[in-house]
Amino acid sequence: MFNNVEDCLTVELSIVHNKSGKITVLENNNGIPFDIKRIYYLYDVPMDVSRGGHAHYELQQYVVAASGSFTFILDDGKNRSEVFLNHPNKALHIKPGIWREMKGFSSGSICLVLASMKYTEADYIRDYNDFLKYRRNV
Ligand code: T46
């Protein structure tokens, strides 16, 4: 299965808001289009660093700027688009077969990721030419 960058939508998450602050809840069977098998987060990322530079064969993810901001560059082999994430109530749904790079991490930012599979290196395509070949042949 693979998708186009246009299919990687940002989703507005609901907020429980009272005078003590806000809560946003992410849980299985409640709006997320996959079962959550893994949660991880990137933090202490230097501002001038790019991460990513890979695609996944099967993995789907919801990405949230739990704090601060950063930019995802998404690429389906034909089109590229940039998504700026800067609010904890906005999630980016990344579908399988999409090349991604991340850049512009603000100081103190936290990139929270909910993932549909456990970590396996076999699910990564880390070479851009291999990615293009994969997209041509699927
Ligand atoms: C993505 C962005 C948002 C593990 O051992 N377990 C894990 O669950 C993960 C995610 C990583 N690692 C190890 C594997 C590498 O040696 O941590 C190292 C860096 O991982 P990776 O190259 O995947 O890191 P990023 O920041 O480039 O990408 C990660 C996700 O893998 C990726 O799918 O979209 O965060």
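Along the sequence shown, residues carry numbers from 1. Ligands are counted one by one from 1 in listed order, and the atoms in each one are counted from 1 as well.
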Same hydrophobic cluster for Phe70 and Ile110, using side-chain heavy-atom links shorter than 4.5 Å among ILVMFWY?
-> no

With a 4.0 Å cut-off on heavy atoms, does Leu42 reach ligand 1?
-> yes

Hey, what do you get for OH (Tyr62) to CD1 (Ile94), rounding to the nearest 0.5 Å?
-> 11.5 Å

Can you sort out which atoms of ligand 1 are near His56, meaning under 4.0 Å from one of its heavy atoms?
-> 32 (C), 33 (O)

Heavy-atom distance from atom 16 (O) of ligand 1 to the protein below 4.0 Å?
-> no

Candidates Tyr40, Tyr124, Phe72, Tyr41; heavy atom nearest atom 23 (O) of ligand 1 found on Tyr124

Check the pair Arg80, Asp75 against salt bridge (charged side-chain N to carboxylate O under 4.0 Å, His left out), reporting the backbone distance first and the verdict last.
-> CA-CA 4 Å; Arg80 281 198 156 216; Asp75 180 335; 2.9 Å; yes

Should Glu121 be counted as touching ligand 1, given the test is an N or O pair under 3.5 Å?
-> no

Atom indices of ligand 1, in the order listed, that fall short of 4.0 Å to a heavy atom of Gln61 = 1 (C), 32 (C), 33 (O), 34 (O)

Sub-3.5 Å donor-acceptor pair from the side chain of Arg100 to the main-chain atoms of His54, do we have one?
-> yes

For atom 7 (C) of ligand 1, which candidate among Arg38, Met117, Met102 provides the closest heavy atom?
-> Arg38

Answer with yes or no whether the side chains of Gln60 and His93 bring together a donor and an acceptor at under 3.5 Å.
-> yes

N/O separation below 3.5 Å, Val113 to ligand 1 = no

Going by heavy-atom distance to atom 22 (O) of ligand 1, choose the closest among His54, Arg126, Arg51.
-> Arg126

Assign the ring pair Phe131 / Trp99 to parallel, tilted or perpendicular, where the plane angle (0 to 90°) is split at 30° and 60°.
-> tilted

In the protein, what heavy atom is nearest to atom 27 (O) of ligand 1, and what distance, to one decimal place, separates them?
-> Gly52 N, 2.9 Å

Could you please spell out the steps behind the side chain to side chain contact (heavy atoms under 4.5 Å, CB included) verdict for Tyr57 and Ile125?
-> CA-CA 7 Å; Tyr57 292 107; Ile125 310 172; 3.4 Å; yes

Based purely on interatomic distance, does Tyr119 place a nitrogen or oxygen under 3.5 Å from a nitrogen or oxygen of ligand 1?
-> no

Shortest protein contact, atom 34 (O) of ligand 1 (heavy atom only) = Arg100 NH1, 2.7 Å

Spacing of Asn4 atom CG and Leu74 atom CG [to the nearest 0.5 Å] | 11.5 Å

